Trainee: 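Got a structure for you, questions after.
The analysis underlying the following values was restricted to heavy atoms, covering all of them including side chains, and did not include hydrogens, waters or symmetry mates. Not measured: the values here are computed from a predicted model.
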Amino acid sequence: MKLQCDVEVVSRMLPTFGIKSRGKGTRAVISIGKHLDKTCQRSCIYMMICTAKDRTGSKYKLKDNIEKFFTWFVEEGKATVRLKEPAVDICLSKADANSLKNFLSAARLADRGSDTSSLPLSTLTPVRARDVEQPKKKLTIVSKKDYPLTSNFPYSLEQLQVSYCKLSRVDMRMLSLKALRKLDLSNNHIKKLPATIGDLGCLSELVLHNNHLESFSEALCLSTLQRTLQLLDLSQNRLRTLPAQFCQLKELVNLKLDDNELVCLPFHVGRLSRLRFLSAAHNQLAVLPTDFRRLSLENLDLFGNPFVQPNPLDHTMKLTFPVPLQELASRAVVNLRLPYGPQLIPAHLCQDLEVAKTCDCGRVCISFYIKTAVSMNLHQVSHTVVLVDDMGGTDAPVQQHFCSLSCYSEFLDHSLQRGIR
């Protein structure tokens with residue numbers, strides 16, 4: 001039985017001499033195995049701790065020698081074993097939680113003097129230098145020949161880049177790296193992302209530049225990435241749309257969507273309140289969603305999109321007379337801020353309410369409205385704007401919805417008056 005972790009051996013006599021422990025562990029390999037006890041000339045079970053400075057190891061007898069186990073934080077890879085003789089506390093940290101539990105179980109059995117045949121014992125021999133190196137936190141692989149096929153990625157990785165390896169899918173071994181903060185899989189052939197990427201609870205940067213992605217799943221948008229993801233690079237893929245749930249990724253600060261086939265941005269893009277850097281150049285955007293006005297950016301790049309020339313007279317009529325009762329009821333729910341949910345009304349109605357459009361008058365419309373496009377200077381939402389076209393413009397069309405003919409007529413009157421002036 002072996003365990004790799006950080007270890008600090010603290011003498012309980014230190015406070016007697018007014019000395020404090022260092023409070024910092026050293027990378028070590030701890031083994032449980034048999035060793036000849038010279039005092040009784042019998043083989044007894046010992047715990048051996050090997051570090052970079054002491055690769056031959058220090059041994060501690062286990063049978064009837066453990067005073068107490070402290071396991072409050074075992075799920076975080078931390079525990080303490082208190083020995084009777086010598087009077088020391090062996091503090092373990094930065095261990096794999098499951099491996100630590102197995103190790104502590106073996107230590108308990110050894111302390112009780114259980115049958116040694118039931119214990120997973122190791123040979124107590126000096127360790128190799130690489131076994132006691134500090135855990136690796138960053139790994140970069142930019143060649144297929146360097147890609148590990150037979151060995152695992154270091155469990156302690158916080159940054160992993162695997163590029164130019166022709167990966168067609170995400171290696172599931174990467175998804176067990178619970179400390180991972182940055183995952184860069186750029187310049188591969190990945191077509192689909194597994195929903196289990198959302199289980200990486202510390203992931204703040206996900207780079208998928210230049211792959212073959214055709215979709216970004218709803219499951220990822222509703223995963224723990226909602227609370228952690230700050231940078232997402234989906235540039236140079238084959239995305240045509242993003243799910244409505246995409247705007248649940250509310251911690252996003254930097255979003256790169258360049259060189260895809262996007263025909264629209266998410267309806268509720270304005271809910272990305274922390275977003276400061278947005279680039280969606282060279283897509284197929286004809287118009288921006290109404291919610292785009294709510295963004296507050298530092299840098300915006302929408303160059304190379306086929307934006308339409310807005311004309312208030314060009315409109316889409318999705319309004320019938322009289323307005324259906326369901327539409328009127330749905331509008332009332334939103335305007336009056338009445339609570340709703342799938343436990344109260346059918347799920348499809350909840351989905352309709354989630355994409356309610358706001359009219360110029362401040363009221364909402366759901367499925368029946370008049371839609372047109374109006375011009376907006378992008379400096380209204382961003383401090384720095386990359387030119388929209390080769391003509392040096394910084395204006396782009398934004399969708400505008402109207403709940404009634406009277407609201408649309410009033411808008412046209414104001415537009416004509418501005419045009420006359």
Side-chain angles (χ1 to χ4, degrees), residues 139-144 147 153 157 159-177 180-269 271-272 275 277-286 288-289 300-306:
L139 178 62
T140 300
I141 300 171
V142 291
S143 172
K144 195 171 182 179
Y147 192 79
F153 294 99
L157 283 180
Q159 297 184 45
L160 174 61
Q161 179 183 356
V162 180
S163 301
Y164 304 102
C165 291
K166 298 183 179 179
L167 296 181
S168 59
R169 59 183 178 82
V170 178
D171 191 330
M172 300 305 286
R173 291 177 297 170
M174 300 175 186
L175 305 181
S176 64
L177 304 174
L180 207 60
R181 297 181 182 278
K182 179 178 180 179
L183 178 59
D184 184 344
L185 298 175
S186 58
N187 300 294
N188 283 293
H189 299 162
I190 298 169
K191 295 181 179 179
K192 188 176 180 181
L193 298 175
T196 41
I197 284 184
D199 296 334
L200 295 173
C202 296
L203 195 67
S204 61
E205 297 185 25
L206 179 57
V207 180
L208 297 159
H209 166 80
N210 193 22
N211 276 280
H212 298 168
L213 293 173
E214 296 180 354
S215 65
F216 192 87
S217 73
E218 295 178 6
L220 282 176
C221 301
L222 300 175
S223 69
T224 55
L225 295 182
Q226 292 181 76
R227 300 189 295 273
T228 62
L229 196 63
Q230 297 179 10
L231 182 149
L232 177 59
D233 187 348
L234 296 171
S235 58
Q236 289 191 33
N237 279 281
R238 301 171 181 176
L239 300 170
R240 290 188 58 80
T241 60
L242 293 170
Q245 295 81 358
F246 188 86
C247 297
Q248 295 294 327
L249 300 172
K250 293 184 179 180
E251 295 300 314
L252 276 178
V253 175
N254 193 336
L255 176 59
K256 300 180 181 182
L257 301 169
D258 312 274
D259 297 289
N260 278 282
E261 301 166 18
L262 291 171
V263 295
C264 61
L265 292 178
F267 182 81
H268 284 306
V269 67
R271 291 182 179 177
L272 299 176
L275 195 65
F277 304 91
L278 172 61
S279 54
H282 302 289
N283 278 280
Q284 297 301 312
L285 302 176
L288 300 174
L300 173 63
D301 184 0
L302 296 175
F303 182 82
N305 281 286

Trainee: Quick one: does any side-chain atom of Ser235 pair with a main-chain N or O of Asp259 as donor and acceptor, under 3.5 Å?
Mentor: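 No, because the side chain of Ser235 does not come within donor-acceptor range (under 3.5 Å) of the backbone of Asp259.
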Trainee: For Asn283 and Asn305, indicate whether the former's side chain and the latter's backbone hold a donor-acceptor pair under 3.5 Å.
Mentor: no
Trainee: So how far is it from Asp184 CG to Thr140 OG1, rounded to the nearest 0.5 Å?
Mentor: 8.5 Å
Trainee: Let me confirm one number: the CD-CZ distance from Glu251 to Arg227, rounded to the nearest 0.5 Å.
Mentor: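 With rounding to 0.5 Å, CD (Glu251) is 10.0 Å from CZ (Arg227).
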Trainee: Atom CG of Leu203 and atom CD of Gln230: how far apart are they, to the nearest 0.5 Å?
Mentor: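 So the CG of Leu203 and the CD of Gln230 are separated by 10.5 Å.
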Trainee: Hey, is the main chain of Ala281 close enough, under 3.5 Å, to the side chain of Asp301 for a donor-acceptor pair?
Mentor: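 Not confirmed, Asp301 side chain does not pair with Ala281 backbone.
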Trainee: Measure from the side-chain N and O atoms of Asp258 to the backbone N and O of Lys256, and report whether any donor-acceptor pair falls under 3.5 Å.
Mentor: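 Flag not set: sc Asp258 to bb Lys256 has no pair under 3.5 Å.
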Trainee: Is any NZ, NE, NH1 or NH2 atom of the basic residue among Asp171 and Arg173 found under 4.0 Å from an Asp or Glu carboxylate oxygen of the other?
Mentor: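 Looking at Arg173 together with Asp171, the answer is yes, because their closest N to O distance falls below 4.0 Å.
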Trainee: In Å and rounded to the nearest 0.5 Å, what is the CG to CZ distance from Leu255 to Phe277?
Mentor: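 Between atom CG of Leu255 and atom CZ of Phe277 there are 12.5 Å.
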Trainee: Measuring from Arg169:CZ to Leu193:CG, what's the distance to the nearest 0.5 Å?
Mentor: 13.0 Å
Trainee: Measure the SG-CG distance between Cys264 and Leu242 for me, rounded to the nearest 0.5 Å.
Mentor: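 One finds 8.0 Å between SG of Cys264 and CG of Leu242.
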Trainee: Checking Asn211 against Asn188: is there a side-chain donor and acceptor pair closer than 3.5 Å?
Mentor: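 There is no such pair (donor and acceptor under 3.5 Å, judged by atom type) between the side chains of Asn188 and Asn211.
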Trainee: Whether the Ser186 and Ser163 side chains hold a donor-acceptor pair (N or O, under 3.5 Å, no angle test) is what I'd like checked.
Mentor: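 The answer is yes; a qualifying pair exists.
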Trainee: With a 4.5 Å heavy-atom cut-off, do Arg238 and Glu261 have their side chains touching?
Mentor: yes
Trainee: Can you tell me if Asn210 uses its side chain to pair, donor with acceptor, with the backbone of Asn187 under 3.5 Å?
Mentor: no
Trainee: Given Leu185, which of Val207, Ile190, Asp233 fulfils the side chain to side chain contact (heavy atoms under 4.5 Å, CB included) condition?
Mentor: Ile190
Trainee: Kindly indicate, with the supporting measurements, whether the criterion side chain to side chain contact (heavy atoms under 4.5 Å, CB included) is fulfilled by Met172 and Thr196.
Mentor: CA-CA 9 Å; Met172 300 305 286; Thr196 41; 3.7 Å; yes
Trainee: If you measure only the distance, is there a donor-acceptor pair under 3.5 Å linking the side chains of His189 and Ser168?
Mentor: no
